[in-house]
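Here the structure is a predicted model, which is why all the values come from computation and not from measurement. Index from 1, following the sequence.
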Amino acid sequence: MAATAALASCGQVDESGVGVRVLVTTDSGARTVLDRSGIEAKDGEPALAVLRRATTVETDARGALTSLDGRRATGGRTWTTWLNGAPLRSGALKTTGEDVNLQQLPVVNGPRTTKVHDGDTLWVDLQPAGATPPRGVVGTFPEPFEHGQEGMRWPVRVECAEPRGRACRMVRDALVRYDIPAVTNLIRSSYNPESARVAVGTWKQIREDPSAGLAERGAEESGIPVVPQKDGRGFALLDAAGRETRTIGAGSGLVFASRYRNEPPSWAVTGTDDAGVLRAAGAFDATTLKTAIALAVSGPDLIRLPDRGDATR
């Protein structure tokens, strides 16, 4: 209900003729197969119809994707789809047992039943075997903040440990460049479950955020390919199977997406210290984040997550 109310409180996105962007990648975004914008789509049309206009598509009897652009899901690999940076899903994220923060993975809609709208970005990735589907990705920025879901934008809040600080200003300015209005608040000064949010601050400052804090549970539960140390002094980077590959320390930053219960998406721009937060804020742009599930910044290195043991500068 929270997400539905949020959408109802926002304005309709009117971008007739813009079309849909279709992005096809493999290996958690490591390799781009197809990136086409302006694919014709009628509002409320199934995502599968748009995919078929962009490339060759094969499905099984249930409508699940089996092959795109000649690349077939074999050996335990699966096609995972995000619409505007959020998984295709139906139903609310639910709590399990007595732990209200532990969330079950929701039922996932397929491209045959998911509806797209003009201006949306449809990202389909051939995920490695054993990968936990993330609950959100950063690689289609400025989505999900620009178009939201179901043709409606969410209100956007930038919640900062230091609202007048440089990192907070950098994140807000990045949104403004895409004409995305955002309210700036002190982190956890108020709670609005109907807004998409970006939490900005050191890990010690934002770890109590209900969405960002899920990262400490590990990828199997959170879908986030990094585990921050509780003291905030280091980040354990994970591979696609959720195994720890290395730890980055002082001066390191992170940008990742999450989602708490059935609320709108929430992102974290964080670091081990102020220098790390600034590095993460500097990476908060479409070019740097393109096709990344999540991103770590360690010194001059940009590390795409899940970790493959490489980095770019």
* Heavy atoms of other groups near Glu244 CD, more than 12 under 6.0 Å -> yes
* Asked: Going by atom types alone, do Asp301 and Ser298 pair a side-chain donor with an acceptor below 3.5 Å?
  -> no
* Do the ring planes of Phe284 and Phe141 sit parallel (below 30°), tilted (30 to 60°) or perpendicular (above 60°)? -> tilted
* For Asp125, the option from Thr78, Thr81, Thr25 that meets side-chain contact (heavy atoms from CB on, under 4.5 Å) -> Thr25
* To do: State the CZ-OG distance between Arg135 and Ser266, to the nearest 0.5 angstrom.
  => 13.0 Å
* **Residues Asp35, Lys290: salt bridge by 4.0 Å N-O rule** => yes
* To do: Taking all heavy atoms of Ala86 and all of Gln149, pick out the closest pair and write down the distance.
  => CB-NE2, 3.3 Å
* To do: Assess the side chains of Trp154 and Glu263: does a donor N or O sit below 3.5 Å from an acceptor N or O?
  => no
* Rounded to the nearest 0.5 Å, how far apart are CD of Glu146 and CG of Asp120? -> 10.0 Å
* Asked: Is there a path from Val297 to Phe256 through hydrophobic residues (I, L, V, M, F, W, Y) whose side chains come within less than 4.5 Å of each other?
  -> no
* **Path from Leu51 to Trp79 over hydrophobic side-chain contacts below 4.5 Å** => yes
* **Positive for side-chain contact (heavy atoms from CB on, under 4.5 Å) with Val33, one of Thr26, Val124, Leu68** => Thr26
* Asked: Between the side chain of Arg53 and the main-chain N/O of Glu40, is any donor-acceptor distance below 3.5 Å?
  -> yes
* To do: Using distance alone, with no hydrogens and no angle criterion, decide if Thr291 and Arg304 have a side-chain donor and acceptor under 3.5 Å apart.
  => yes
* Asked: Within the side chain of Ser37, is there an N or O that forms a donor-acceptor pair under 3.5 Å with the backbone of Arg21?
  -> no
* Asked: What class does the angle between the rings of Trp267 and Phe145 fall in, given that below 30° is parallel, 30 to 60° is tilted and above 60° is perpendicular?
  -> perpendicular
* To do: Walk me through it: do Gln205 and Val277 pass the test side-chain contact (heavy atoms from CB on, under 4.5 Å)?
  => CA-CA 11 Å; Gln205 291 168 327; Val277 177; 5.6 Å; no
